[in-house]
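First the proteins, then the strands, lettered A, B, ... as listed; each starts at 1.
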There are 2 protein chains.
Amino acid sequence: MEQLPLSEPVLLVLLSLAEQPRHGYSILKDVEQISGGRVVLSTGTLYGALQRLLGQGWIERQVENESSRDRRVYRLTSRGRRNLQSEVARMEQLTKLASLRIARSEV
Amino acid sequence: MEQLPLSEPVLLVLLSLAEQPRHGYSILKDVEQISGGRVVLSTGTLYGALQRLLGQGWIERQVENESSRDRRVYRLTSRGRRNLQSEVARMEQLTKLASLRIARSEV
DNA sequence: GGACGACATGTCGGACACTGACATATGGAG
DNA sequence: CTCCATATGTCAGTGTCCGACATGTCGTCC
């Protein structure tokens, strides 16, 4: 029922979780790394997005056995993975269109 | 000085203008067409975006000789075209990363 | 000539996401 | 013991998008 498209911050959070379950701060660092340092999420953006994604059932809390630190680990749900895939498919289509339009206009 | 990324509505407006100069309503119809009917801009979104893009120097008004109808035709500036190209390059990079991450997680 | 729908531009309030600043607390290194 | 990285969270401000409303023209059909 939720409509795409995703914002870049949220997309990067999901891509980070697509690789493996992570906790918030780990997502923060991973996003910075995979974006080549270009995207540095503020904690407000991150934790707000996590709450929203939880509410929509795209991600879920992972239960931990014993970790000394106060970490909250999240993982993609199958629903979240499906939605992420369709979102990426949409992006690919849009990117292809964009490349065509730009190329055509340069001739 | 303006930072990317662009929202999907604005990106589609720019792609529409990348092909040829258009007036507002024409952009509206073109965006609907190139997005396969998926994106239907509200006029609030469209005219707001056009004002912003004018202010940032990404697009400019085209002077008309004589058209009966009250049309305001816009075209991309060279600055706008450069920025659009770098934005599309960014999207391609992000899309590539996304495909990799998703593919890897499916194995 | 009158009605109606497509064309054409615009404003405005509400909803919502992103940002930056602030707050708090723990772990490890020196 | 001090400092920094780790770790999570809130909040006010800002900007964008959307839907509704407003206004007017042009062409066509009856």
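If you measure from atom CG of A:L50 to atom C1' of D:dT10, you get 15 Å, rounded to the nearest angstrom. As rounded to whole Å, 9 Å separates atom P of D:dA7 from atom OH of A:Y47. One can place CZ of B:R61 at 13 Å from C1' of C:dA8, the figure rounded to the nearest angstrom. Rounded to an integer number of Å, the gap from CG of A:L28 to C1' of D:dA7 is 10 Å. Here the P atom of nucleotide D:dT6 and the CG atom of A:L46 are 15 Å apart, to the nearest Å. As a whole-Å value, the separation of B:R71 CZ from C:dA6 C1' is 12 Å. The separation between B:L41 atom CG and D:dG19 atom P is 11 Å, rounded to whole Å. The CD-P distance, from B:E8 to C:dA17, rounds to 16 Å in whole Å.
Checked by atom type and distance alone, the side chain of B:R22 pairs as donor or acceptor with a backbone atom of B:S16 at under 3.5 Å. Of the possible polar contacts, none joining the A:T77 side chain to the A:E60 backbone as a donor-acceptor pair under 3.5 Å is found.
Taking CG of A:L84 as the reference point, atom CZ of B:R101 lies at 11.0 Å (rounded to 0.5 Å). Expressed to the nearest 0.5 Å, how far CG of A:L17 lies from CG of A:L50 amounts to 7.0 Å.
Residue B:S42 places none of its side-chain N or O atoms closer than 4.0 Å to OP1 or OP2 of D:dG19. For D:dG9, one of the phosphate oxygens OP1 or OP2 lies less than 4.0 angstrom from a side-chain nitrogen or oxygen of A:R72. Dashed line: the shortest gap from a side-chain N or O of A:Y25 to OP1 or OP2 of D:dT6 is under 4.0 Å. Contact check, B:T43 against C:dG10: no side-chain N or O comes under 4.0 Å of OP1 or OP2. Put simply, A:R52 has a side-chain N or O that comes within less than 4.0 Å of OP1 or OP2 on C:dC18.
With C:dT9, D:dT6, C:dC18 as the candidates, the nucleotide lying closest to the side chain of A:T45 is C:dC18. When distances are taken from the side chain of B:S7 to each of C:dG10, D:dT16, C:dA8, the shortest belongs to D:dT16.
Residues A:E8 and B:R90 are paired through a salt bridge, judged by an N-O separation under 4.0 Å between the basic side chain and the carboxylate.
If you check every strand for non-hydrogen atoms under 4.0 Å, B:G44 touches a base.
Between A:V10 and B:S26, the residue whose closest nucleotide on DNA chain C is further toward the 5' end is B:S26.
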